[in-house]
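Shown next, in structure tokens, is the structure this report addresses.
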Amino acid sequence: GNTGTFRVLSGSSLDFQTFILSATANATFAANTGSTLISANTNATGAFQTSTANGSVQTSTRTFTNAGVSYTFNGASAQFTGNAIAAASDIRNLTINNANGVTLSGSTLMSATGTLLFTSGVLDIAAVDLTMTSGATISGATATRYVKTSSTGQLKRTTLTSAFNF
């Protein structure tokens, strides 16, 4: 049957495109520290979910709690990140490459070595917070590629050691 563990190792990238990794009972998915997950999935609950088998990963167990995982969202229509992005203590990189925009689904901490990279589109933090640690950077922001909030969410920065432009 569809049992076993699918693990994305450090230094590896998995591009789901619009496809779904699906398996029945006793199947596990885990994203290791240093791995990169890429999705064009436009499921309304989010591309990566911890609590429900929706989005790009639909196995009986999904582990997104390892710190330092990078995420890229590159759908052809608007996307939601899903709650998995907030499951770890921090994420490494977040790439927004969706002209129709991406909405952050859970409060997220960007690691000190992380980069929020814009190649296309807007990141809407809606009613959740995105916290950039002191070493994290933002790259590629322009008048059409930026962070916005459509609700009460905040873009935050931890203690600064040098000037930082939002």
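Only this structure's heavy atoms are used, side chains among them; waters, hydrogens and symmetry mates stay out. Every value quoted in this text rests on a predicted model; they were computed, and no experiment measured them.
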Item checked: Pairs meeting criterion salt bridge (Lys or Arg N to Asp or Glu O under 4.0 Å) with involvement of residues 22-49, two or more places apart ->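 The answer is none; no pair qualifies.
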Next item on the list: Please list all pairs passing the salt bridge (Lys or Arg N to Asp or Glu O under 4.0 Å) test where one or both residues lie in residues 119-129, with sequence neighbours left out.
Entry: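 Found Asp129-Lys156.
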Once side chain to side chain contact (heavy atoms under 4.5 Å, CB included) is applied, do any residues pair with [X], and if so which ones, sequence neighbours excluded?
X      : answer
Thr142 : Thr144, Arg145
Phe19  : Gln17
Ala67  : Ser89, Asp90
Ser105 : Phe80, Thr81

Checklist line | Between Ser35 and Ser10: side-chain donor-acceptor atoms closer than 3.5 Å | finding: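 Not at all, the side chains of Ser35 and Ser10 share no donor-acceptor pair under 3.5 Å.
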Checklist line | Any donor-acceptor N or O pair under 3.5 Å, side chains Thr50, Asn83 | finding: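 Judged by distance alone, the side chains do pair up.
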With sequence neighbours left out, what residues match [X] under side chain to side chain donor-acceptor pair (under 3.5 Å)?
X     : value
Ser70 : Asn93
Thr42 : none
Thr45 : Asn43
Arg92 : Thr113

Indicate, with yes or no, if [Y] and [X] share a hydrophobic cluster defined by side-chain heavy-atom contacts under 4.5 Å among Ile, Leu, Val, Met, Phe, Trp and Tyr.
X      : Y      : result
Tyr71  : Tyr146 : no
Ile138 : Ile125 : yes
Val128 : Leu109 : no
Ile91  : Leu14  : yes

Check: Does the side chain to side chain contact (heavy atoms under 4.5 Å, CB included) test come out yes or no for Ile96 and Leu117, once each step is laid out?
Finding: CA-CA 6 Å; Ile96 306 302; Leu117 173 63; over 6 Å; no
Next item on the list: Report the hydrophobic cluster partners of Ile38, with the cluster defined as I, L, V, M, F, W, Y residues connected by side-chain heavy atoms closer than 4.5 angstrom, directly or transitively.
Entry: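 None, because no other hydrophobic side chain comes under 4.5 Å of this residue.
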Note to self: Going by the rule ring-ring contact (aromatic ring centres under 6.0 Å, His included), which residues pair with Phe16 if we only count those two or more places apart in sequence or in a different chain?
What the structure shows: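 Residues passing ring-ring contact (aromatic ring centres under 6.0 Å, His included) with Phe16: Phe48.
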What distance do [X] atom [atom1] and [Y] atom [atom2] have between them, rounded to the nearest 0.5 Å?
X      : Y      : atom1 : atom2 : value
Ser56  : Phe29  : OG    : CZ    : 9.0 Å
Arg7   : Thr63  : CZ    : OG1   : 7.5 Å
Thr59  : Asn26  : OG1   : CG    : 11.0 Å
Phe73  : Leu104 : CZ    : CG    : 8.5 Å
Asn32  : Asn66  : CG    : CG    : 5.5 Å
Gln154 : Thr152 : CD    : OG1   : 8.0 Å

[X] side chain to [Y] main-chain N or O, any donor-acceptor pair under 3.5 Å?
X      : Y      : answer
Ser134 : Thr158 : no
Ser150 : Lys148 : no
Thr149 : Ser151 : yes
Gln58  : Asn54  : no
Arg157 : Thr133 : yes

Notebook entry, point to check: Where do Ile20 and Asn41 land on the side chain to side chain contact (heavy atoms under 4.5 Å, CB included) test, with the steps shown first?
Noted result: CA-CA 8 Å; Ile20 296 169; Asn41 188 296; 4.2 Å; yes
Could you report the tightest heavy-atom contact between [X] and [Y], atom names first, then the distance?
X      : Y      : result
Ser39  : Ala47  : OG-CB, 3.6 Å
Met110 : Leu94  : CE-CB, 3.8 Å
Thr137 : Met132 : O-CE, 3.4 Å
Ala87  : Thr65  : O-CG2, 3.9 Å

Checklist line | Close side-chain approach of Thr36 and Asp15, heavy atoms under 4.5 Å | finding: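 Side-chain contact under 4.5 Å: no.
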Margin query: I'd like to check Leu21 versus Phe6 (side-chain heavy atoms, cut-off strictly below 4.5 Å). Are they in contact?
Written below: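 The answer is yes; the side chains approach within 4.5 Å.
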Check: Can you list the steps and then say if Val147 with Phe118 is a side chain to side chain contact (heavy atoms under 4.5 Å, CB included)?
Finding: CA-CA 9 Å; Val147 176; Phe118 290 94; 3.7 Å; yes
Next item on the list: May I have the step-by-step check of side chain to side chain contact (heavy atoms under 4.5 Å, CB included) for Val69 and Leu37, ending in yes or no?
Entry: CA-CA 8 Å; Val69 174; Leu37 303 178; 4.2 Å; yes
